[in-house]
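Keep in mind it's a predicted model, so treat the numbers as computed, not measured.
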Amino acid sequence: MHYLYKCSKCGKEFDAEFIESNNYYLCPDCGALEKNAPLEGVLEVEYNYSNIIKEYGIIDLKEKISGSFESIPELLPLSFDKTLTPVFKGITSKQLNIIKLSSFFADINYKGYNVDLLDDSRNPSFSFKDRASILVALKAIQMGKESVICASTGNAGSSIAGICSRLGLKSIIFVPEKIPVPKKLQIEMYGAELIKVNGDYDLAFDLSLEISNKLGLYNRNTAYNPLTIEGKKTAAFEIFAKFKDNLPKYIVVPSGDGVIIGGVYKGFENLLNLGLIDKIPILIAAQPSNGSAIIDYFEKGYFEYKSSLTIADSLSAGAPRNLYLADKALKKSGGFGVRIEDDITLKFQKELSSKFGFLVEPAAAISFAALDHLINQKQLQKDDSVLLMLTGNGLKDTNSFLRYAEKDKTYSKEDIYNHFGITN
């Protein structure tokens, strides 16, 4: 195969066929998943960068690489054959067409700062999580699996449920008791088997692993399945394709379980290894104040479990499963974290929609709130280039809208005329 797996803890390398044929998700030697704790021995996928450079050349790589899964198949852990159309074995053009990403870039001016946005809220299931789910589902097809199991606060579950539905796979989704109703309904509408646990996301995660191990089901759990990191790294490729030699200096990443920021870092690390960039953008983790385990670990150097209760439910993770790779992303990129109170996040969710037209959920709006914090704290210069990641559609969690909902009032024709100052 054109890739191998490497343990992020002990550094041992493993043949890809050995890992996949034996259904290993974590390092066979040191992998561990303790209750209410980050995963130990998360596997990272490694590629032969010198061979890729030799095959394409730097100029062609720079032109061809993009957020599309087909752009450089040598940078994904899928079986492929370049004589095929499409190149992925066992995958049809029809299947790829119905799961294409719909992310796009935009730019706004905020307080005199020019700010770029990467909006993933219009993807197939309306969230960034589709990047991971698409890759996992394609891998499931190549491995001959008929179903995928997953634990989720809502977005990952609705994502894999929607992608599986499009590709004819079954999905089983474990969710916490307090999942937002719109996300629960979205999962059910996609035809998934929904298992609501009597507890939080961490419990849903642990129980889903127990069931998948006992029944031999293919597991999509974030960080646990290394392909989730690989799928999310495509955002870095997309950013590179857009900006080329003028990458943003800062990228603000909503962070909960640590897989998005870990994946974005991994994508830029791939680009660095290919000689396409000489520096990784500074990554900033935006987390709820009552759920900032990644920032806590980054600042203190040790993990201490604390339950997370935040309106930004997609970021609610007391035990970030990808904590160690998220910490690596911050340290290696020269980054840092920003904690945001829920009230502030909701305020900027409203401002982002009412003033700029981007309706996103609180877990995405936190990046905009973090931008305001950075400006107020004078941590940005006027000429600093900043990109905000918008990771989920606002219609996924409408409870947050209630704070700003006006009291309903019915107008008569006379009332309407008076309201607009029109004389009958």
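Residues satisfying the side-chain hydrogen bond (donor to acceptor under 3.5 Å, both in side chains) test with Asn213, not counting sequence neighbours, are none. Remark: Glu74 engages Tyr56, Lys82 in a side-chain hydrogen bond (donor to acceptor under 3.5 Å, both in side chains) (not counting sequence neighbours). Evaluation of the side-chain hydrogen bond (donor to acceptor under 3.5 Å, both in side chains) rule for Glu46 yields no partner, not counting sequence neighbours. Among residues two or more places apart in sequence or in another chain, the side-chain hydrogen bond (donor to acceptor under 3.5 Å, both in side chains) test is passed with Gln142 by none.
Side-chain N or O atoms of Glu13 include none that pairs as donor or acceptor with a backbone N or O of Leu4 at under 3.5 Å. With hydrogens and angles disregarded, no donor-acceptor distance shorter than 3.5 Å links the side chain of Asp120 to the backbone of Ser127. Judged purely by atom type and a 3.5 angstrom limit, Thr228 uses its side chain to pair as donor or acceptor with the backbone of Ala223. The backbone N or O of Leu309 sits less than 3.5 Å from a side-chain atom of Asn290, completing a donor-acceptor pair. Panel note: side chain Asn225, backbone Arg220; no donor-acceptor pair is recorded below 3.5 Å. At distances below 3.5 Å, not a single donor-acceptor pair connects side-chain atoms of Ser121 with backbone N or O atoms of Asp119. Panel note: side chain Asn48, backbone Asn51; a donor-acceptor pair is recorded below 3.5 Å. Ser367 places a side-chain N or O within donor-acceptor distance of the main-chain N or O of Met389, the cut-off being under 3.5 Å. The closest donor-acceptor contact from the side chain of Glu230 to the backbone of Pro77 lies at 3.5 Å or more, if one exists at all. Side chain of Ser152 to backbone of Gly157: a donor-acceptor contact under 3.5 angstrom is found.
Between Arg321 and Asp202 a salt bridge is recorded (basic side-chain N to carboxylate O distance below 4.0 Å). With respect to the salt-bridge test (charged N to carboxylate O, under 4.0 angstrom), the residues Lys266 and Glu269 do not qualify. With respect to the salt-bridge test (charged N to carboxylate O, under 4.0 angstrom), the residues Glu238 and Lys242 do not qualify. Between Arg339 and Asp296 there is a salt bridge, with a side-chain nitrogen of the basic residue lying less than 4.0 Å from a carboxylate oxygen of the acidic one.
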For residues 19-31, which side-chain donor-acceptor pairs fall under 3.5 Å, sequence neighbours excluded?
from, atom 1, to, atom 2, distance (Å)
Glu20, OE1, Tyr3, OH, 3.3
Glu20, OE1, Lys139, NZ, 3.1
Glu20, OE2, Tyr3, OH, 2.6
Glu20, OE2, Tyr5, OH, 2.7
Glu20, OE2, Lys139, NZ, 3.2
Ser21, OG, Glu17, O, 2.6
Asn22, ND2, Phe18, O, 2.8
Tyr25, OH, Asn219, N, 2.9
Asp29, OD2, Lys12, NZ, 2.9

Counting only pairs under 3.5 Å, give me each side-chain donor-acceptor contact of residues 356-365, with atom names and distances, residues two or more places apart or in other chains.
from, atom 1, to, atom 2, distance (Å)
Glu361, OE1, Lys183, NZ, 2.7
Glu361, OE1, Ser314, OG, 3.4
Glu361, OE2, Asn155, ND2, 2.4

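The only option from Tyr324, Tyr302, Tyr305, Phe303 that meets the ring-ring contact (aromatic ring centres under 6.0 Å, His included) definition with Tyr297 turns out to be Tyr324.
Atom NZ of Lys170 sits in a sparse spot, with 12 or fewer heavy atoms from other residues, nucleotides or ligands closer than 6.0 Å.
Residues Leu271 and Ile65 meet the side-chain proximity criterion, which asks for heavy atoms closer than 4.5 Å.
Figure legend: cation-pi geometry between Lys300 and Phe298 absent, as NZ or CZ is not positioned both under 6.0 Å from the six-membered ring centre and within 45° of its axis.
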Let's go through Phe80 and Glu70 carefully: what are the C-alpha distance in whole Å and the side-chain angles of both, what is the deciding distance for side-chain contact (heavy atoms from CB on, under 4.5 Å) to 0.1 Å, and is it a yes or a no? CA-CA 10 Å; Phe80 70 92; Glu70 304 103 291; over 6 Å; no

